[in-house]
Amino acid sequence: MKVVILAGGLGTRISEESHLKPKPMITIGEQPILWHIMKYYSCFGFFYDFVICCGYKGHIIKEYFADYYLHRSDVTFDFSDQNRMTVHENVAEPWRVTLVDTGLNTQTGGRIKRVQRYIGGEPFMLTYGDGVGDVDLNALLAQHSVSGKTVTLTGIQPGGRFGVLDLSGDGGTVTGFREKAKEDGGWINGGFMVMEPEIFGYLRADEACILERTPMETLAREGKLGIYKHPGFWQCMDTQRDRGRLESLWANGSAPWKVWADA
């Protein structure tokens with residue numbers, strides 16, 4: 001199953017870093033948060049095919065992956081033998097990464113629509129390139145598979161500054177989607193979504209299409225937007241304070257999203 005990652009935004013709230021690089025390339029423990037997200041997905045055993053929606057400074061993401069194999073290998077450069085390069089050992093992941101320029105100012109819905117040709121007619125995972133968590137992706141996918149929903153998002157309760165989701169009586173269906181409204185302690189969209197290919201009928205390829213507005217609001221009204229409730233860890237990296245918290249967790253060896261063994 002393909003994993004689509006939104007990695008094209010300007011990252012204005014963490015401009016101390018994002019004026020030099022796209023936000024998904026800001027590091028935690030010397031690796032971009034984008035790498036952490038991809039490592040987490042791939043630890044579940046069948047998420048190896050990634051489609052990255054690039055935009056702002058997307059060339060930096062492309063250069064990172066262009067050099068990825070070399071940087072993670074033991075290499076001998078023999079300049080006496082026609083500049084021969086020998087790779088001795090490599091610890092790179094078995095990833096297939098498609099990097100798509102989806103436009104500088106394109107909103108989230110437009111970016112997803114613009115990568116449709118790389119996804120095909122199968123369900124796919126979608127998440128944001130600036131948030132990590134210890135979401136049970138197997139349980140998320142299992143719930144979505146039996147729900148009949150077009151989209152199942154992961155709901156989290158950060159207790160802070162985000163918008164809220166209105167839920168049905170049984171708690172399994174989103175009936176209202178109020179993105180970035182006054183937060184009242186309810187469930188909010190934490191990304192880590194599963195989408196059926198029908199989602200593309202709700203999206204436009206123009207720059208102004210915002211996934212979290214008309215498409216999500218329409219799905220909610222139609223009863224086609226589900227929620228997987230995640231009570232565990234989740235953290236986005238909107239500000240330097242957020243980054244500092246993630247860095248501290250990583251440095252202390254207590255990062256909840258690090259479920260892989262070191263090579």
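Side-chain atoms are counted along with the backbone in the values below, which use heavy atoms only and exclude waters and symmetry mates.
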Yes or no on side-chain contact (heavy atoms from CB on, under 4.5 Å) for Gln235 and Leu249, after CA distance, side-chain angles and deciding distance?
-> CA-CA 11 Å; Gln235 177 68 57; Leu249 289 169; over 6 Å; no
Are the side chain of [X] and the backbone of [Y] linked by a donor-acceptor contact shorter than 3.5 Å?
| X | Y | result |
| --- | --- | --- |
| Thr127 | Phe192 | yes |
| Asp242 | Asp238 | yes |
| Ser248 | Gly244 | no |

Quick one: ring-ring contact (aromatic ring centres under 6.0 Å, His included) pairs with a partner in residues 102-126, sequence neighbours left out?
-> Phe124-Phe200
At their closest point, which heavy atom of [X] faces which heavy atom of [Y], and how far apart are they?
| X | Y | result |
| --- | --- | --- |
| Pro197 | Gly121 | CG-O, 3.4 Å |
| Ser147 | Thr152 | OG-OG1, 3.9 Å |
| Lys62 | Leu99 | CA-CD1, 3.7 Å |
| Tyr56 | Gly9 | CB-O, 3.6 Å |
| Arg114 | Gly103 | NH1-CA, 4.0 Å |
| Gln143 | Ile227 | NE2-O, 2.6 Å |

Does any part of the side chain of [Y], heavy atoms only, come nearer than 4.5 Å to the side chain of [X], both counted from C-beta?
| X | Y | answer |
| --- | --- | --- |
| Pro24 | Asp130 | no |
| Leu10 | Leu104 | yes |
| Val132 | Trp234 | no |
| Thr98 | Ile52 | no |
| Met216 | Leu211 | yes |
| Thr173 | Lys224 | no |
| Val100 | Cys53 | no |
| Tyr64 | Pro32 | yes |

Step by step, would you call Trp257 with Trp35 a ring pair (Phe, Tyr, Trp, His ring centres under 6.0 Å)?
-> CA-CA 12 Å; Trp257 71 91; Trp35 177 88; over 10 Å; no
Salt bridge (Lys or Arg N to Asp or Glu O under 4.0 Å) against Arg84, all qualifying residues, sequence neighbours excluded = Asp81
Is there a path of hydrophobic side-chain contacts, each under 4.5 Å between heavy atoms of I/L/V/M/F/W/Y residues, joining [Y] to [X]?
| X | Y | answer |
| --- | --- | --- |
| Val146 | Leu167 | no |
| Val75 | Tyr68 | no |
| Trp260 | Leu246 | yes |
| Ile210 | Leu6 | no |
| Val259 | Phe46 | yes |

Less than 6.0 Å separating the ring centroids of Phe44 and Tyr40?
-> yes
Under 3.5 Å, is there a donor-acceptor pair between the [X] and [Y] side chains?
| X | Y | answer |
| --- | --- | --- |
| Glu217 | Tyr202 | no |
| Asp136 | His230 | no |
| Lys2 | Tyr48 | no |
| His88 | Ser73 | no |
| His144 | Glu196 | yes |

Salt bridge flag under 4.0 Å for residues Arg243 and Glu247 | yes
Which value, rounded to the nearest 0.5 Å, describes the distance between [X] atom [atom1] and [Y] atom [atom2]?
| X | Y | atom1 | atom2 | value |
| --- | --- | --- | --- | --- |
| Ile5 | Cys54 | CD1 | SG | 10.0 Å |
| Leu126 | Met195 | CG | CE | 4.5 Å |
| Ile112 | Ile119 | CD1 | CD1 | 8.0 Å |
| Leu219 | Glu198 | CG | CD | 10.5 Å |
| Thr154 | Trp187 | OG1 | CH2 | 10.5 Å |
| Glu122 | Asp49 | CD | CG | 12.0 Å |

What residues form a ring-ring contact (aromatic ring centres under 6.0 Å, His included) with Tyr228, not counting sequence neighbours?
-> none
List for me each residue that meets side-chain hydrogen bond (donor to acceptor under 3.5 Å, both in side chains) alongside Thr150, sequence neighbours excluded, and say none if there are none.
-> none
Dump the intermediate steps for side-chain contact (heavy atoms from CB on, under 4.5 Å) on Thr102 and Val115, then the final yes or no.
-> CA-CA 8 Å; Thr102 55; Val115 301; 3.8 Å; yes
Take Thr108 and Arg111 through the side chain to side chain donor-acceptor pair (under 3.5 Å) test and state the conclusion after the steps.
-> CA-CA 5 Å; Thr108 49; Arg111 294 191 190 281; over 6 Å; no
Is the Phe50 ring parallel, tilted or perpendicular to the Trp95 ring (thresholds 30°, 60°)?
-> perpendicular
For salt bridge (charged side-chain N to carboxylate O under 4.0 Å, His left out), just list the numbers for Lys113 and Asp206, CA-CA rounded to whole Å, side-chain angles, deciding distance to a tenth of an Å, and then say yes or no.
-> CA-CA 9 Å; Lys113 183 70 172 179; Asp206 63 71; over 6 Å; no
Tell me, which pairs form a salt bridge (Lys or Arg N to Asp or Glu O under 4.0 Å) where one or both residues lie in residues 32-45, sequence neighbours left out?
-> Lys39-Glu93
Of all pairs that satisfy salt bridge (Lys or Arg N to Asp or Glu O under 4.0 Å), the ones with a partner from residues 67-79, not counting sequence neighbours | none
Go through the steps to decide whether Ile33 and Lys23 satisfy the test side-chain contact (heavy atoms from CB on, under 4.5 Å), and finish with yes or no.
-> CA-CA 8 Å; Ile33 190 171; Lys23 185 161 69 164; 5.8 Å; no
Between Val194 and Val151, is a side-chain contact (heavy atoms from CB on, under 4.5 Å) present by the stated rule, with each step listed?
-> CA-CA 6 Å; Val194 189; Val151 173; over 6 Å; no
